[in-house]
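One structure is given below, encoded as structure tokens.
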Amino acid sequence: MAWVYLVIAGLFECGWAIGLKYTEGFTKIVPTGLTLGAMAISFWLLALAMKTIPVGTAYAIWTGIGAVGVATLGMFLFGESRDILRILCLLLIVAGIIGLKIFSSTQGTA
């Protein structure tokens with residue numbers, strides 16, 4: 001279950017990072033509330049995952065999911081660059097996430 005928690009935590013990280021854009025500096029109440037809620041859920045699930053997954057592995061995967069997710073969403077939602085080199089760099093992050101999962105010293109059974 002720890003790995004499931006970690007992936008979901010990473011997805012909520014994408015949600016709150018994108019949500020920050022919509023809060024307009026925390027001046028919009030609904031986006032701010034949703035963003036803070038997503039932050040809380042993301043951190044809570046990350047903490048649950050870290051009960052059995054090593055901290056370095058969990059944090060790297062969590063931030064990797066967030067980085068790839070937010071960069072990808074930025075391309076679609078905000079018209080950010082879709083340059084092939086940028087996409088290749090994101091794929092390298094995905095390869096790192098997969099490698100960390102494969103070579104992790106624990107299988108995480110929370």
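None of the values given here were measured: they were computed from a predicted structure. In what follows, every heavy atom counts, from backbone to side chain, and hydrogens, waters and symmetry copies are set aside.
When every heavy atom of Ala9 is checked against every heavy atom of Leu46, the shortest pair comes out as CB-N, 3.7 Å. Considering all non-hydrogen atoms of both residues, Val70 and Ala17 come closest at CG2-CB, 3.5 Å. Summarising the geometry of Thr27 relative to Thr32, their closest heavy-atom pair is N-OG1, 4.3 Å, with the distance given to 0.1 Å. Pairing each heavy atom of Leu100 with each of Thr57, the nearest pair is O-CG2, 4.1 Å. When all heavy atoms are compared, the tightest approach of Ala38 to Gly15 is CB-C, 4.5 Å. Closest heavy-atom contact between Arg82 and Phe76: NH2-CD2, 3.5 Å.
A donor-acceptor pair under 3.5 Å is formed between the side chain of Thr35 and the backbone N or O of Pro31. In this structure, the side chain of Ser104 does not engage the main chain of Lys101 through any donor-acceptor pair within 3.5 Å.
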Output, in order, the C-alpha distance, side-chain angles, deciding distance and verdict of side chain to side chain contact (heavy atoms under 4.5 Å, CB included) for Leu90 and Met75. CA-CA 12 Å; Leu90 291 172; Met75 291 178 204; 3.4 Å; yes
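Rounding to the nearest 0.5 angstrom, the gap separating the CZ atom in Phe26 from the CG atom in Leu20 is 5.0 Å. Distance check: Leu88 CG to Ile93 CD1 gives 11.5 Å after rounding to the nearest 0.5 Å. Separation of atoms OG (Ser81) and CD1 (Ile87) is listed at 7.5 Å; rounding is to 0.5 Å. The distance from atom CG of Leu73 to atom CD1 of Ile18, rounded to the nearest 0.5 Å, is 5.0 Å. Rounding to the nearest 0.5 Å places CD1 of Ile97 at 11.0 Å from CG of Leu92. With values rounded to the nearest 0.5 angstrom, Glu13 atom CD is found 14.5 Å from Ile8 atom CD1.
Less than 6.0 angstrom separates the ring centroid of Trp62 from the ring centroid of Phe43.
Trp3 and Ile98 fall within a single hydrophobic cluster, where Ile, Leu, Val, Met, Phe, Trp and Tyr side chains are chained together by heavy-atom contacts under 4.5 Å. If you chain together hydrophobic residues whose side chains sit under 4.5 Å apart, Val30 and Met39 never meet in one group. In terms of hydrophobic clustering, with Ile, Leu, Val, Met, Phe, Trp and Tyr side chains grouped at heavy-atom distances under 4.5 Å, Leu34 and Phe78 are assigned to different clusters.
Leu6 is not listed as a side-chain neighbour of Leu45, based on a closest heavy-atom distance of 4.5 Å or more.
Both the sub-6.0 Å distance and the 45° axial angle are not jointly satisfied by Lys28 relative to the ring of Tyr22.
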